[in-house]
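Everything on this sheet refers to the single structure shown next.
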Amino acid sequence: MTAGTRAPRLDLPAAMTPAEPSACLRHTGAALSWHQARARAHRLGRAEPLGTEQLSVHHGAGRTLAEAVHALVMLPGFDNAAMDGYAVRGVGPWKVIGRVLAGECAPRRLGSGEAMEIATGAAVPEGTDRVVEYEAAVRGGDIVDASTSGRDHVRRRGQYVTTGQCVLPAGHPLTPAALGLAASVGADIVTVRRQSTARILITGDEIVDSGVPSHGKVRDAISPVLSALLKNWNVTVDGVRVDDRPAEALTAAVDDALDRYDITIVCGSSSVGPADGLHDTVTAVGALTHVDGVACRPGHPQLLAQRGRHWLVGVPGNPFAAVVAAVTIIEPLLTGLNGRDLSVLPSADLQGTVRAAPQATRLVPVHLRGQQAHVIEGAHPGYLGPAAYADALAVIPPGWNHEAVDLLSLTG
Ligand SMILES: Nc1nc2c(c(=O)[nH]1)N[C@H]1C(S)=C(S)[C@@H](COP(=O)(O)OP(=O)(O)OC[C@H]3O[C@@H](n4cnc5c(N)ncnc54)[C@H](O)[C@@H]3O)O[C@H]1N2
Ligand code: MOO
């Protein structure tokens, strides 16, 4: 609910031409470049990592390792068959002297000219030269024969991992496969960063949190999108609350949330209008400002401040601008808090009409098709339509000249 004269229009492409200002020329903070803001949020988080806890590998999904996982066993732990068939020794034909299934031990070693029927994963009998898969074997009675094969179909002990080897370093995200790997090298417990918590504070007298808004009112679109993004980033979003102005109410709510949550996110109130009290609140709660304005379109009026180990993020009230702020500030901050490196962003060639801003990074919703990102027309700071269809946001740097663009995932 900013008031006063509108900011002059910048050189927006057709796809992003809004009916209201998207440039925050009157914004008071010294804007960082988009890359600087992202890097700073990450660096700050990295300097104050979250505490740690120990979790079962069954419950670690989405967490980040605080301590490396070292193998307690060889992988494989023993020489075993990679195929169902016959473990053989020497040249065929072989006499079949028995059978060994997974989990069993062969009763004795193989002699030359002998074979043992074997299941995939079973320990091969001592003396085994190779495993002949059923498909390549010809059996008659207790004799089996096969042509020579190039592969021995034996997975050797320690072929993948040796005991003591670091299989997952600290800072590695516990993806489903990483959890399986930790278990396969014998880990029951992993040491991870604790789950971060966030409180979303929605400001604005015009905002209603359910139902169809009456004239002059606006349905809260930011809580749903922000809550979902935060859950994707493994944050516990502990309640969403609509705070009425006056400024003292916002300050009290922020003060309280800063005490109790890792990240307090104030939506709206970030600009320069008469009801935009976030800057005063930052001062009143004694937080130190690190980012105050980012040279990006949309999403310029972003804020990052710190009180102790607690973080205050201001995101613009325009919902698409709020999404931009989330991927610019909140995601890198969380990446840092979890002790992870900022990932190198994937990139793609951009198809569609978009023009670079001279001094700001533009964030544009795109569909990904193969190696190409296709611009979704109609993006507007106050409208989530194109973002709702997008796979990612393309990062269009100032002065962009049709080079490949970086991509920020919107789908988790
Ligand atoms: N004179 C200036 N006016 C504005 C500037 C500026 O630099 N000088 N910047 C513009 C930009 S850019 C943005 S973005 C907005 C940011 O405004 P605020 O963060 O202060 O947010 P509000 O004024 O409260 O709301 C803006 C807009 O968004 C709607 N809104 C707010 N919260 C929600 C919500 N939870 N769900 C859906 N929509 C929401 C609100 O009704 C307003 O329409 O300031 C510009 N003005
Ligand atoms: O127009 Mo404002 O850029 O952040 O939505």
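Computed from heavy atoms alone, side chains included, the values below leave out hydrogens, waters and symmetry copies. Read the numbers this way: they start at 1 and go in the same order the structure lists the ligands and their atoms.
Considering both main-chain and side-chain atoms, Ile202 never comes within under 3.5 Å of ligand 1 through any nitrogen or oxygen pair. Checked against a 3.5 angstrom limit, the closest N/O atoms of Gly299 and ligand 2 fall inside it.
Close contacts of ligand 1 with Glu206, meaning ligand atoms under 4.0 Å from a residue heavy atom, involve 40 (C), 41 (O). Near Arg219, meaning under 4.0 Å from any of its heavy atoms, are these atoms of ligand 1: 36 (N), 37 (C). Atoms of ligand 2 lying under 4.0 Å from any heavy atom of Pro301, numbered from 1 in the order shown and given with element: 4 (O). Ligand-side atoms of ligand 1 in range of Pro319: 37 (C), 38 (N), range being under 4.0 angstrom from any heavy atom.
In this view, Arg369 satisfies the side chain to side chain donor-acceptor pair (under 3.5 Å) rule with no residue, not counting sequence neighbours. Among residues two or more places apart in sequence or in another chain, the side chain to side chain donor-acceptor pair (under 3.5 Å) test is passed with Asn234 by Gln195.
A 4.5 Å side-chain heavy-atom check between Leu44 and Trp311 finds at least one atom pair inside the cut-off. Using a 4.5 Å cut-off on side-chain heavy atoms (C-beta onward), Glu126 and Asp79 make no contact. For the pair Ile396/Leu350, a side-chain contact is recorded, criterion being any heavy-atom separation below 4.5 Å from C-beta on. Side-chain atoms of Leu181 and Ser184, non-hydrogen and from C-beta on, do get closer than 4.5 Å to each other.
With a 4.0 Å cut-off on non-hydrogen atoms, Ile207 touches ligand 1 through its side chain and not its backbone. Of the heavy atoms in Val218, only side-chain atoms (C-beta onward) come closer than 4.0 Å to ligand 1. At a heavy-atom distance under 4.0 Å, atoms from both the backbone and the side chain of Pro316 approach ligand 1.
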message = Checking Thr197 against Thr236 for the side-chain hydrogen bond (donor to acceptor under 3.5 Å, both in side chains) test, could you report, in this order, the C-alpha distance in whole Å, the side-chain angles of both residues, the deciding distance, and whether it holds?
response = CA-CA 5 Å; Thr197 59; Thr236 305; over 6 Å; no

request  = Could you check Val192 against Glu53 for side chain to side chain contact (heavy atoms under 4.5 Å, CB included), going step by step and ending with a plain yes or no?
outcome  = CA-CA 6 Å; Val192 298; Glu53 63 183 330; 4.0 Å; yes

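Heavy atoms of Arg297 stay at 4.0 angstrom or farther from ligand 2. Within the 4.0 Å heavy-atom shell around ligand 1 one does not find Gly382. Within the structure, the closest approach of His300 to ligand 1 does not fall below 4.0 Å when heavy atoms are considered. In this structure, Ser269 is part of the shell of residues with a heavy atom less than 4.0 angstrom from ligand 1.
Ring orientation note: the planes of Tyr134 and Tyr86 are nearly perpendicular, at an angle over 60° on the 30°/60° scale.
Taking only non-hydrogen atoms, the option from Asn318, Val208, Asp209 nearest to atom 13 (C) of ligand 1 is Asn318. The option from Gly277, Gly268, Ala221, Pro298 that lies nearest to atom 36 (N) of ligand 1, judged by heavy atoms, is Ala221.
Arg194 has a carboxylate O that lies under 4.0 Å from a charged side-chain N of Asp262, or vice versa, which qualifies the two as a salt bridge.
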